[in-house]
Trainee: 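Have a look at this one before I ask anything.
Residues: numbered from 1 along the sequence shown. Here the structure is a predicted model, which is why all the values come from computation and not from measurement.
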Amino acid sequence: MSVLRTKPIKDVLAQGEADGSDGKLGLKRHLGARDLTGFGIGIVIGTGIFTLTGIEARDSAGPGVVISFAIAGVVALLAALCYAELASSVPTAGSAYTYAYATMGEIVAWIIGWDLLLEFALGAAVVARGWSGYLAELFGLPTAWFGEEGSVVNLGAIGIVLLLGVVAIVGIRESARVTNLLVLVKVAICVFIVAAGLFFVKAANLTPFIPPAEPAGAADDGIKQPVTQALFGLEPSVFGFVGVLSAAAVVFFAYTGFEAVANLGEETRRPKRDLTLGLLGTLLISTVLYIGVSLVVVGMVPYTEIDRGAPIASAFKAAGAGWAGVLVSIAAIAGLTSVILVDLVAMGRIGFAISRDGLIPPSIAKVHPRWGTPYRISAVMTVAVALLAGFLPLSALADLVSIGALCAFVLVSVAVPILRRKRPDLDRPFKVPFSPVLPIVSALACLYLMLNLSVETWIRFLIWMLLGAIIYFGYGHRRNRLATANPAPTPRTPTPRQLTP
């Protein structure tokens, strides 16, 4: 079937080797392992630490939210191992989209590419509104223009998206420098939060660590309940281990985005080594910080009294250290800024890969001759995110980011054993241990977390997928590179620092 045609690995590698210097559609290589880790931490450490900790501790898991972060971190790490094998073997823009195209077929690739655009666009828009709110709180700005409630247009969210969009378009090196600086600020303050908060932790606040399960309110019934409860007719409940698992599915949002590192394969100087280091380094550092910060927060304040909007700042205030709230606000602004920037960079690379393959008009995949970035598609994505962030209250849609990422992780996990079977000769600088067992476990774990998201989230996700199907069958299926038999770009001659399979 034509919808299941796959893209030859040699074409993927040829596109990845083109650097744009000879007029081919390729990106310039500027990044190393430190830059990739900075990008990864820049997008991962943000909203999860500064908001989700309080919401899920108070509403679903109690102090057990620490276990929720640990479970989500382990699942993310399993997926990262699968990403590392594919990214080091096939370093290219598009990450999961390209891997699916080479293994499972065109329709699956389109679904995952469309899914990733949803993840990064909504993620950037939601975080931009959060950034605007923290800025208003820190400097006393009018909520009519910078707040979440009661405003027609959020100027702060629009402004930060457009500003960072320019940074993403001007150059990947400039984006890396800005991101690395912001990462240093927020990691330093996160370490401070853990170190200072330990002095205010009370054992009584951690008991019971997993509160007994209790019936959920009426608002959590119907389409608001997790799919697992709806499928098996279970009574909607919160807390207990069910609450911990439900919270794990939601706080997984905090780990989403690390796959943006894999999107930078064509801009990495030594992709076969540095992509693996960047992916695994991102997850390990972020998981340790998440567990440490969440433990401190639930230890400082009884979980029933944690503030949903600003859990960390309010915890220090309740402990008599309100001065720390200012540092937390600064860390939040720095953290959310880097998340938005990396989201915009990743969206540009995914859109570039899809456009280069002809599934959307190839003209928007043009690379700027001086900046070496896909400036047209990046500009389009920036404007779209700015409009979403400025005019739509997207907090209710945050779960869509989680389900989008988890769907991508399922397909990437499945792609590992498929590609090993199809191309056993492919050079694999990093291999997932115990394959195919571990990739299968990764896929099942991600699927299970997806089923712990609400019915409402699944309905919205399926509507987005239906819209993508209309675009694919209306344009991409007939007009893409494989359908028209256009050849891939001629590969450049590799340098000694670029090992080819």
Side-chain angles (χ1 to χ4, degrees), residues 40 43-44 46-48 52 56 60 68-84 86 95-97 99-100 104 108-124 126 225-231 242 244-263 279 282-283 286-287 290 339 343 346 350 396-416 432 438-465 468:
I43 195 171
V44 170
T47 307
L52 292 181
E56 294 307 309
S60 299
S68 301
F69 273 106
I71 292 173
V74 169
V75 175
L77 186 59
L78 291 174
L81 290 172
C82 297
Y83 262 101
L86 295 176
S95 66
Y97 156 79
Y99 309 149
M104 290 176 282
V108 179
W110 169 258
I111 289 172
I112 203 62
W114 187 245
D115 169 44
L116 288 173
L117 290 178
L118 170 73
E119 175 193 343
F120 287 111
L122 285 181
V126 170
Q225 65 181 315
V227 171
T228 50
Q229 293 183 0
L231 284 176
V242 171
V244 170
L245 291 176
S246 297
V250 175
V251 302
F252 194 85
F253 173 88
Y255 292 94
T256 60
F258 75 84
E259 67 271 27
V261 174
N263 279 293
L279 284 163
T282 293
L283 261 298
S286 300
T287 301
Y290 274 148
V339 172
D343 270 331
I350 295 169
L397 301 180
D399 286 358
L400 273 173
V401 180
S402 289
I403 197 171
L406 286 166
C407 179
F409 296 167
V410 169
L411 294 178
V412 166
S413 300
V414 172
V416 169
V432 178
L438 195 147
I440 293 173
V441 170
S442 174
L444 293 176
C446 291
L447 181 60
Y448 183 73
L449 286 186
M450 289 177 70
L451 294 175
N452 276 277
L453 292 169
S454 69
V455 176
E456 182 180 34
T457 299
W458 274 86
I459 292 173
R460 290 169 174 166
F461 181 65
L462 293 175
I463 291 173
W464 175 256
M465 290 293 106

Trainee: Taking side-chain contact (heavy atoms from CB on, under 4.5 Å) as the test, write out the residues that go with Ala100, two or more places apart.
Mentor: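 Ala100 satisfies side-chain contact (heavy atoms from CB on, under 4.5 Å) with Met104, Val108, Ala109, Ile112 only.
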
Trainee: Return the set of residues passing side chain to side chain donor-acceptor pair (under 3.5 Å) with Ser286 (not counting sequence neighbours), or none when no residue passes.
Mentor: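 For Ser286, no residue satisfies side chain to side chain donor-acceptor pair (under 3.5 Å) once neighbours in sequence are set aside.
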
Trainee: Of all the heavy-atom pairs spanning Asp343 and Gly123, show the shortest one and how long it is.
Mentor: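 Distance-wise, the nearest heavy atoms are OD2-C, 3.6 Å.
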
Trainee: Using atom types as modelled and distance alone, determine if a side-chain donor or acceptor of Ser68 lies under 3.5 Å from a backbone N or O of Val244.
Mentor: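 It does hold such a pair.
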
Trainee: Calculate, to the nearest 0.5 Å, the distance between atoms CD1 and SG belonging to Ile403 and Cys446 respectively.
Mentor: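 The SG atom of Cys446 is 12.0 Å from CD1 of Ile403, to the nearest 0.5 Å.
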
Trainee: So, do Val410 and Leu406 sit near enough that their side-chain heavy atoms are less than 4.5 Å apart?
Mentor: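 They are not in side-chain contact.
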
Trainee: Can you name the closest pair of heavy atoms from Leu116 and Ala408 and give their distance?
Mentor: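 So the two residues come closest at CD2-CB, 3.8 Å.
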
Trainee: When you look at Phe409 and Leu78, which way does the side-chain contact (heavy atoms from CB on, under 4.5 Å) test go after all the steps?
Mentor: CA-CA 9 Å; Phe409 296 167; Leu78 291 174; over 6 Å; no

Trainee: If I compare all heavy atoms of Phe461 with all of Gly404, which pair ends up nearest, and what's the gap?
Mentor: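 So the two residues come closest at CE1-CA, 4.2 Å.
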
Trainee: Please report the interatomic distance CG(Leu77) to OG1(Thr282), rounded to the nearest 0.5 Å.
Mentor: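 Here the rounded value is 11.0 Å.
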
Trainee: Return the minimal non-hydrogen interatomic distance between Gly113 and Ile350, and the atom names on each side.
Mentor: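 The pair with the smallest heavy-atom distance is O-CG2, 4.1 Å.
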
Trainee: Indicate yes or no for a side-chain donor-acceptor contact from Ser442 to the backbone of Leu438 under 3.5 Å, with no hydrogens or angles considered.
Mentor: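 Not confirmed, Ser442 side chain does not pair with Leu438 backbone.
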
Trainee: For Thr287, enumerate each residue passing the side chain to side chain donor-acceptor pair (under 3.5 Å) test, keeping only those at least two apart in sequence or located in another chain.
Mentor: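 Thr287 satisfies side chain to side chain donor-acceptor pair (under 3.5 Å) with no other residue.
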
Trainee: Tell me, please, which residues at least two apart from Leu444 pass side-chain contact (heavy atoms from CB on, under 4.5 Å).
Mentor: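 Partners of Leu444 under the side-chain contact (heavy atoms from CB on, under 4.5 Å) test: Ile440.
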
Trainee: Scan residues 108-120 for pairs that pass side chain to side chain donor-acceptor pair (under 3.5 Å), counting only residues two or more places apart or in two chains.
Mentor: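 Pairs touching residues 108-120 that pass the test: none.
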
Trainee: When Pro439 is tested against each of Val432, Leu81, Val414 for side-chain contact (heavy atoms from CB on, under 4.5 Å), which residue passes?
Mentor: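 The option that passes is Val432.
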
Trainee: CD1 of Ile71 to OH of Tyr448: how many Å apart, nearest 0.5 Å?
Mentor: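 If I round to the nearest 0.5 Å, the distance is 9.0 Å.
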
Trainee: With sequence neighbours excluded, tell me which residues meet ring pair (Phe, Tyr, Trp, His ring centres under 6.0 Å) with Trp458.
Mentor: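 With neighbours one apart ignored, the set is empty.
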
Trainee: Mind checking side-chain contact (heavy atoms from CB on, under 4.5 Å) for Ile463 and listing every partner two or more places apart, or none if nothing turns up?
Mentor: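 Ile463: side-chain contact (heavy atoms from CB on, under 4.5 Å) contacts with Ile459.
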
Trainee: Taking side-chain contact (heavy atoms from CB on, under 4.5 Å) as the definition, give me every residue that meets it alongside Ala76, ordered by chain and number, with sequence neighbours left out.
Mentor: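 Counting only residues at least two positions away or on another chain, Ala76 forms a side-chain contact (heavy atoms from CB on, under 4.5 Å) with Phe252, Tyr255, Phe258, Leu283.
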
